[in-house]
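This report concerns only the one structure given below.
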Amino acid sequence: MELYKTNQLKIYNSLSKSKEIFKPIVEGNVGMYVCGPTVYSNVHLGNVRTFMSFDLVFRYLKQLGFKVRYVRNITDAGHLENDADEGEDRIAKKARIEKIEPMEVVQRYTVDFHETLQKINNLPPSIEPTATGHIVEQIEIIKDILAKGMAYEVNGSVYFDVLKYNETEHYGILSGRNIEDSVHNTRELDGQSEKKNPQDFALWKRAEEKHIMRWPSPWGEGFPGWHLECTAMSTKYLGETFDIHGGGMDLKFPHHECEIAQSKVKNKVNPVNYWMHANMLILNGQKMAKSTGNYILPNEIFTGENKILSKAFSPSATRFFMMQAHYRSVLDFSNDALEAAEKGYMKLMEALNNLENIELGLVSSINIGEWKQRCYDAMNDDFNSPVLIANLFEAVKYVNLLLEKKETISAADFETLKNTMNIFVYDVLGLQNNSEENACDKLNGVVEMLIKMRKEARDNRDWALSDKIRDELAVLGIQLKDGKEGTTFSVN
RNA sequence: GGCGUUUUGGCCGAGUGGCUAGGCAGAGGUCUGCAAAACCUCGUACAGCGGUUCGAAUCCGCUAGACGCCUCCA
């Protein structure tokens with residue numbers, strides 16, 4: 001039987017601001033959409049945290065036996081430099097600066113994005129559509145919204161009429177704001193805007209002469225507005241209403257608010273049942289962001305090449321660090337915190353490696369079944385990975401006590417313990433065991449040490465010892481090779 | 001200025017109206033030839049003030065700080 005039938009999953013819904021029992025539209029199936037990156041620069045650790053948070057969601061839903069269609073877009077066009085909607089396309093701007101083709105920028109940073117997420121062991125989504133691949137769909141939505149009178153065209157651009165929409169719907173339902181407030185509080189622009197109201201957002205922007213990324217449309221050549229792609233792609237692949245929509249907290253307003261507005265006008269239904277927002281990663285007391293330069297790149301952590309780091313940290317240690325915080329909490333990044341996390345992660349891995357050395361008994365002195373359920377309970381409670389990890393450390397303690405024979409475990413319980421630990425550590429948290437790599441490094445070190453000791457023996461003309469080292473290594477399949485430059489070795 | 005979130009012990013971070021987070025660091029002990037590891041025990045907590053309650057770190061109010069959004073942003 002599928003686990004979701006016996007485990008009641010609760011998800012915090014940003015829309016209702018409360019934890020709700022998760023019930024998918026189609027039993028056993030989940031449609032999930034997550035706003036992906038704009039590929040105009042290297043993905044930083046803050047971005048990674050969000051995608052990792054939803055990777056955890058994806059992994060746990062699968063663990064519960066759900067069939068999940070996970071859609072995450074690549075924004076390769078359409079994001080404007082700043083609002084007032086007068087800016088320049090981000091991708092095009094970067095391309096001009098670097099004197100390369102826009103799609104070259106897209107390609108470079110898409111590759112970087114994929115490589116980084118792979119290193120940190122995120123599973124690829126089921127579908128990863130691009131904005132440029134869905135221009136036609138976006139134009140169709142604009143036509144529809146225009147036909148329904150909720151948008152207007154000015155000089156080859158099309159804007160969504162927020163105030164008109166707000167007459168019958170609540171623009172601000174997700175972010176908890178009232179349009180009236182923002183009308184009063186919006187800074188007066190220079191009056192050059194062609195929008196009826198500052199709150200209106202672009203569905204289509206006319207391309208200026210120099211603009212390289214452009215597509216033909218009923219309103220002339222241009223490019224889509226920056227909220228439209230998610231509406232186009234999510235509904236195309238998941239339906240007019242789907243189960244889960246995720247993204248960073250900073251996208252709640254205006255991006256997700258606009259998505260709701262667009263969908264409600266076009267399809268007359270709420271697009272999403274469960275809105276999930278991942279919280280920010282904080283560096284130096286402020287959120288990581290490309291625009292402010294306050295960020296750290298994942299590769300800098302893996303190589304240790306950043307002045308705030310004392311050393312390099314593995315992707316898994318980094319992942320563990322982030323999993324120790326709940327996805328809806330702000331997380332502070334620091335070297336000390338990362339070091340502490342790394343030690344904990346190593347301790348966990350050691351226990352997993354030690355599972356094989358446990359001797360089985362006839363009865364169990366610990367309640368494994370109850371422990372297992374506590375692991376599921378933690379994750380069922382809005383994906384509470386920190387509590388799950390606390391439970392895994394409980395298991396670490398079990399393993400150590402069993403090794404010291406201070407507790408006993410039956411064969412059946414041992415299987416449960418082992419399987420559950422493996423499931424949660426590897427499949428759900430997505431951690432990887434680096435011990436093989438480490439062991440390899442360490443073995444190399446050991447052989448080098450023996451070579452050094454053999455050299456000392458040879459220098460002392462202690463041929464018996466030096467030959468003994470060489471021959472016994474040979475028996476183990478390690479051949480020493482004495483050359484002019486010193487001794488090397490190979491493993492057969 | 002508006003909206004929202006948050007404030008937990010040396011550090012990172014959970015959580016709940018009455019009982020335990022967990023990790024890292026620290027102290028004592030067991031074990032050990034010594035050490036390490038492991039195990040056991042321990043400490044200093046719930047921003048401040050007031051209220052509700054038999055009882056609040058947990059609910060409410062005020063004050064202070066921090067953060068996020070209000071402009072692209074994961």
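For the numbers below, each heavy atom of this structure counts, side chains included, while hydrogens, waters and symmetry mates do not. In this text the structure is predicted, and so the values were computed from the model without any measurement. The chains referred to below are lettered A, B, ... by the order of the sequence lines, with proteins before strands, and numbering in each begins at 1.
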*asked:* Over all strands shown, is A:E342 touching base, sugar-phosphate only, or nothing at heavy-atom distances under 4.0 angstrom?
replied: nothing

*Between B:A38 and A:N400, is there an OP1 or OP2 to side-chain N/O distance shorter than 4.0 Å?*
no

*asked:* With no hydrogens and no angle check, just 3.5 Å: does a side-chain donor-acceptor pair link A:K10 and A:N380?
replied: no

*Around atom CD of A:Q118, are there more than 12 heavy atoms of other residues, nucleotides or ligands at under 6.0 Å?*
no

*Footprint string (nucleotides 19-32 of chain B, 5' to 3'): B base within contact, S backbone only, - free, heavy atoms under 4.0 Å*: --BSSSS-------

*asked:* Using a heavy-atom cut-off of 4.0 Å across all strands, would you classify A:L348 as base, sugar-phosphate, or nothing?
replied: nothing

*Identify whether any heavy atom of A:H277 sits under 4.0 Å from a base atom; if not, whether one sits that close to sugar-phosphate; answer base, sugar-phosphate or nothing.*
nothing

*Which sits closer to the 5' end of RNA chain B, A:E404 or A:G46, going by the nucleotide each is nearest to?*
A:E404

*Heavy-atom donor-acceptor pair, A:R177 side-chain to B:C70 base, under 3.5 Å*: no

_Per-nucleotide pairing state of RNA chain B [Watson-Crick or G-U, under 3.5 Å; [ ] pseudoknot-crossing; | other strand]_ = (((((((..(((.....[...))).(((((.......)))))....(((((..]....))))))))))))....

*Mark yes or no for a side-chain to base donor-acceptor pair under 3.5 Å between A:K287 and B:C73, with no hydrogen or angle criteria applied.*
yes

*Measuring from A:E259:CD to A:K264:NZ, what's the distance to the nearest 0.5 Å?*
14.5 Å

*A:Y40 ring centre to A:K290 NZ or CZ under 6.0 Å, with the angle to the axis within 45°?*
yes

*asked:* Under a plain distance cut-off of 3.5 Å, with no hydrogens placed, do A:S310 and A:N335 share a side-chain donor-acceptor pair?
replied: yes

*asked:* Between A:H326 and A:Y12, do the side chains contain a donor N or O and an acceptor N or O under 3.5 Å apart?
replied: no

*Give one of base, sugar-phosphate or nothing for A:G285, where a contact means two heavy atoms less than 4.0 Å apart.*
sugar-phosphate

*Relative to the ring of A:F333, is the ring of A:F321 parallel (under 30°), tilted (30 to 60°) or perpendicular (over 60°)?*
perpendicular

*For A:S334, report the nucleic acid contact type (base, sugar-phosphate, nothing); a contact means any heavy atom under 4.0 Å.*
nothing

*asked:* Nearest 0.5 angstrom please: A:N400 CG to A:N354 CG, how far?
replied: 7.0 Å

_Taking any heavy-atom pair under 4.0 Å as a contact, classify A:M249: base, sugar-phosphate, or nothing._
nothing

_A:N422-A:T420 side chain donor-acceptor pair, cut-off 3.5 Å_ = no

*Do the side-chain N and O atoms of A:N433 and A:N353 include a donor-acceptor pair separated by under 3.5 angstrom?*
yes

*Between A:K290 and A:I282, name the one whose nearest nucleotide on RNA chain B is closer to the 5' end.*
A:I282

*asked:* With a 4.0 Å cutoff (strictly under), does any side-chain N or O of A:N384 reach OP1 or OP2 of B:G15?
replied: yes

_Residue pair A:F54 / A:F383, side-chain heavy-atom distance below 4.5 Å_ = no

Enumerate the protein-to-nucleotides 40-46 of chain B contacts in which both atoms are nitrogen or oxygen and the separation is below 3.5 Å.
from  : atom 1 : to     : atom 2 : distance (Å)
B:C40 : OP1    : A:K397 : NZ     : 3.3

_Any base atoms under 4.0 Å from A:A278, or only sugar-phosphate, or nothing? Heavy atoms, all strands._
nothing

*Between B:C19 and B:C59, how far is it from one P atom to the other, in whole Å?*
15 Å

